[in-house]
**Q** 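Please see the structure below; I have some questions.
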Amino acid sequence: MKTQVAIIGAGPSGLLLGQLLHRAGIDNVIVERKDPDYILSRIRAGVLEQGTVDLLREASVSARMDAEGLVHDGFELAFDGRSERIDLSALTGGKTVMVYGQTEVTRDLMQARAAAGALTVYEADQVQPHDMNSDSPYLTFQHNGETVRLDCDYIAGCDGFHGVSRQAIPAEALSVFERTYPFGWLGILADTPPVNHELIYANHERGFALCSMRSATRTRYYLQVGAEEQVEDWSDQRFWDELKRRLPAPVAERLVTGPSIEKSIAPLRSFVVEPMQYGRLFLLGDAAHIVPPTGAKGLNLAASDVSTLYRILLKVYREGRTDLLQKYSHICLRRVWKAERFSWWMTSMLHRFPDTDAFGQRMQQTELDYFVGSPAGRQTIAENYVGLPYEDIE
Ligand code: APR
Ligand code: PHB
């Protein structure tokens with residue numbers, strides 16, 4: 001088998017890149033370890049930056065998002081018995097975010113790919129990139145009991161944090177930057193009306209809480225929990241009781257509870273690998289970086305990597321600009337590190353850390369107080385939350 005771009009992984013990164021390339025007439029094949037139902041069963045975050053929304057529109061996969069997604073022009077920060085609204089739109093010259101679940105983005109991308117007749121090989125085992133440093137890289141994998149070889153011009157490693165792409169690069173060619181946090185997020189999905197029309201990020205002495213949503217009838221709530229906590233120990237009742245304790249009293253009073261339809265604990269991690277490229281293999285999305293979810297940046301960073309590689313490949317195939325390929329990693333990492341900083345900062349400012357003493361707690365409260373009390377501080381939060389601009393590809 002032969003294609004122009006071999007894409008490993010059918011998560012949002014791989015599917016979005018595939019869709020954009022396909023529409024531009026650049027042939028690509030996606031090779032994925034799991035089956036579609038498994039991929040669509042994963043519940044992930046749900047806040048899309050303007051740049052992500054624009055890219056989904058450019059890829060012609062935005063019809064349902066535009067019809068069903070919720071445009072949010074602000075969110076609440078609750079701390080110290082106060083509730084402060086960050087007016088995203090007013091602080092950023094009219095920018096907003098779109099609340100639309102990543103699972104739905106993935107579903108729309110899968111449908112578009114199927115409708116376009118582009119090839120995705122699901123349930124491929126032992127996917128392995130080869131000869132990334134030559135002019136003729138290729139993938140091998142097992143499918144239906146056969147060994148398949150896929151020759152290509154370029155390989156896009158869109159296979160997430162546990163994928164094979166990053167691991168296929170010699171360790172000495174990579175620098176890894178990592179931080180793990182001593183807590184996780186316990187998330188619950190429920191068919192209840194949202195407690196607030198906008199998201200609420202709450203700093204509380206019992207730990208962080210987040211009120212989010214998927215629609216006018218479906219909510220997503222999170223609680224900071226200890227790293228060693230087990231989801232089995234959290235009945236729905238215990239979750240709702242704890243959430244109410246951590247929210248401002250008027251919000252807790254109007255919280256509508258109900259049976260959970262999904263409940264899970266996710267660890268929090270910051271992770272970046274440099275460079276995001278090895279010869280003709282490019283890393284995108286979670287394969288190259290992880291952010292803690294506090295800034296809702298995971299999917300949005302994946303989208304900006306996709307935009308960068310897509311625009312470079314367009315120029316490579318249309319104008320012969322192979323010189324741009326060496327710039328991919330630099331361009332991505334400049335934006336990645338800024339989103340890493342924002343996600344780390346939001347996490348540090350909003351969570352309880354086991355080693356935070358009384359001084360540390362005052363510093364955290366004062367940081368919140370200072371930032372929301374200053375127009376410059378509010379603007380800093382807002383411009384990062386809606387997403388920093390994408391760099392032009394010359
Ligand atoms: N071979 C083939 N496919 C693989 C392999 C492998 N060895 N390893 C992983 N995959 C597949 C996974 O099954 C998954 O479908 O790659 C896909 C990676 O998808 P994601 O983990 O969703 O990563 P990405 O597409 O970069 O999306 C980033 O997802 O995890 C969130 O916070 C993150 O929102 C961000 C977004
Ligand atoms: C979510 O809705 O799942 C969500 C929203 C905002 C975040 C993280 C997760 O910062």
Side-chain angles (χ1 to χ4, degrees), residues 6-18 30-49 52 70 72 75 77 97-106 109-110 120-129 139-143 155-168 185 187-189 194 198-201 208-215 218-222 262 264 266 268-269 271 276 283-306 339 342-343 346-347 350 384-385:
I7 301 175
I8 309 178
S13 304
L15 287 165
L16 181 55
L17 179 66
I30 301 183
V31 183
E32 161 65 48
R33 180 166 63 175
K34 302 286 189 183
D35 63 64
D37 289 341
Y38 176 90
I39 295 171
L40 291 176
S41 69
R42 295 185 292 215
I43 308 288
R44 298 265 174 84
V47 178
L48 309 181
E49 296 172 351
T52 306
L70 307 170
H72 280 206
F75 70 88
L77 279 173
V97 294
M98 175 83 81
V99 172
Y100 187 66
Q102 179 175 322
T103 313
E104 302 313 312
V105 172
T106 309
L109 284 163
M110 278 182 179
T120 309
V121 181
Y122 285 103
E123 298 178 88
D125 286 326
Q126 295 168 46
V127 179
Q128 189 62 46
L139 297 184
T140 53
F141 54 92
Q142 303 287 317
H143 190 242
I155 302 172
C158 300
D159 48 353
F161 184 63
H162 300 287
V164 66
S165 301
R166 193 179 67 249
Q167 286 162 27
W185 276 20
I188 203 171
L189 193 66
E198 293 178 341
L199 272 62
I200 303 176
Y201 290 81
F208 169 77
L210 170 60
C211 305
S212 183
M213 66 191 76
R214 290 290 174 273
S215 69
R218 181 165 286 188
T219 46
R220 181 82 170 147
Y221 294 106
Y222 296 96
E262 196 265 356
S264 52
L268 270 70
R269 180 196 300 275
F271 177 95
M276 288 169 55
L283 302 178
L284 297 89
D286 279 17
H289 41 72
I290 297 285
V291 286
T294 323
K297 291 290 167 236
L299 173 60
N300 293 301
L301 269 189
S304 61
D305 294 346
V306 167
F342 181 65
S343 306
M346 287 279 280
T347 303
L350 291 170
N384 281 280
Y385 196 83

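One-based numbering, in listed order, for ligands and for the atoms of each. Computed from a predicted model, the values in this text were never measured in an experiment.
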**Q** Between Gly157, Gly298, Gly9, Cys158, flag the one that comes closest to atom 18 (C) of ligand 1 by a heavy atom.
**A**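 Among Gly157, Gly298, Gly9, Cys158, the closest heavy atom to atom 18 (C) of ligand 1 belongs to Cys158.
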**Q** Using a strict cut-off of 4.0 Å, indicate which atoms of ligand 2 neighbour a heavy atom of Tyr201.
**A** 6 (C), 7 (C), 10 (O)
**Q** Which residue supplies the protein heavy atom nearest to atom 30 (O) of ligand 1, what is that atom called, and how far is it?
**A** Asp286 OD2, 2.5 Å
**Q** So if I count the atoms of ligand 1 from 1 in the order they appear, which ones are less than 4.0 Å from some heavy atom of Gly163?
**A** 8 (N)
**Q** Counting from 1, what ligand 1 atoms have a heavy atom of Val164 closer than 4.0 Å?
**A** 7 (N)
**Q** Is ligand 2 under 4.0 Å from a heavy atom in the side chain of Tyr100, in the backbone, in both, or in neither?
**A**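 The answer is neither; Tyr100 stays 4.0 Å or more away.
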**Q** Tell me the protein heavy atom at minimum distance from atom 29 (O) of ligand 1, and give that distance in Å.
**A**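 Result: Gln102 NE2, 3.0 Å.
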**Q** Considering only heavy atoms of Gly46, which atoms of ligand 2 have at least one such atom less than 4.0 Å away?
**A**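 Answer, ordered by atom number: 1 (C), 2 (O), 3 (O).
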**Q** Of the side chain and backbone of Leu15, name the one, both, or neither that has a heavy atom under 4.0 Å from an atom of ligand 1.
**A**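 Neither part.
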**Q** Distance-only, no hydrogens or angles: does the Asp286 side chain make a donor-acceptor pair with backbone N or O of Phe161 under 3.5 Å?
**A**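 A pair under 3.5 Å: no.
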**Q** What protein heavy atom is closest to atom 22 (O) of ligand 1, reported as residue, atom name and distance in Å?
**A** Arg44 NH1, 2.9 Å
**Q** For ligand 2, which atoms have a heavy atom of Ala296 less than 4.0 angstrom away?
**A** 6 (C), 7 (C), 10 (O)
**Q** What atoms of ligand 2 come closer than 4.0 angstrom to any heavy atom of Arg214?
**A**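 Selected atoms, number and element: 1 (C), 2 (O), 3 (O).
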**Q** Judging by distance only, is a nitrogen or oxygen of Arg42 under 3.5 angstrom from one on ligand 1?
**A**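 Min N/O separation from ligand 1 is below 3.5 Å for Arg42.
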**Q** Considering only the protein, which heavy-atom contact is closest to atom 19 (O) of ligand 1, and what is its distance?
**A**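 Of the protein heavy atoms, Gly11 CA, 3.5 Å lies nearest.
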**Q** Which of the atoms in ligand 2, numbered in the order shown and given with their element, are less than 4.0 Å from a heavy-atom of Thr294?
**A** 10 (O)
**Q** With a 4.0 Å heavy-atom cut-off (strictly under), which part of Leu210 contacts ligand 2: side chain, backbone, both or neither?
**A** side chain
**Q** Any side-chain heavy atom of Phe141 sitting closer than 4.5 Å to one from Val164?
**A**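 Counting from C-beta outward, Phe141 and Val164 never come under 4.5 Å.
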**Q** Name the option, out of Asp159, Leu139, Ile8, Val127, that contains the heavy atom nearest to atom 10 (N) of ligand 1.
**A**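 Nearest heavy atom to atom 10 (N) of ligand 1 lies in Asp159.
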**Q** Quick one: which of Arg33, Lys34, Glu32 has a heavy atom closest to atom 12 (C) of ligand 1?
**A**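 Heavy atom nearest to atom 12 (C) of ligand 1 belongs to Glu32.
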**Q** Under 3.5 Å, N or O to N or O, is Tyr222 touching ligand 2 that way?
**A**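 Looking only at distances, the answer is yes, because the N/O contact criterion of under 3.5 Å is met.
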**Q** Among all protein heavy atoms, pick the one closest to atom 24 (P) of ligand 1 and tell me residue, atom and distance.
**A**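 Answer, as residue, atom name and distance: Ser13 OG, 3.2 Å.
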**Q** Return a yes/no value for Arg220: is any of its N or O atoms, backbone included, closer than 3.5 angstrom to an N or O of ligand 2?
**A** no
**Q** If the cut-off is 4.0 Å to any non-hydrogen atom of Val47, which atoms of ligand 2 fall inside it?
**A**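 Heavy-atom distances to Val47 below 4.0 Å select 5 (C), 6 (C).
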**Q** Which word best sums up how the rings of Phe75 and Tyr201 line up, parallel for under 30°, tilted for 30 to 60°, or perpendicular for over 60°?
**A**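 It falls in the perpendicular class, over 60°.
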**Q** How far is atom 27 (O) of ligand 1 from the closest protein heavy atom, and which atom is that?
**A**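 Looking at atom 27 (O) of ligand 1, the protein heavy atom closest to it is Pro12 CG, 3.5 Å.
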**Q** Indicate, as side chain, backbone, both or neither, the part of Ala124 found under 4.0 angstrom from ligand 1 when only non-hydrogen atoms are considered.
**A** neither
**Q** Taking N or O atoms only and a 3.5 Å limit, does Met213 qualify as a polar contact for ligand 2?
**A** no
**Q** Nearest heavy atom to atom 5 (C) of ligand 2: which of Ser212, Cys211, Gly187 does it belong to?
**A**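 It is Ser212 that holds the nearest heavy atom.
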**Q** So for ligand 1, is Ala287 a polar contact partner (N or O within less than 3.5 Å, distance only)?
**A**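 N/O-N/O distance below 3.5 Å does not exist for this pair.
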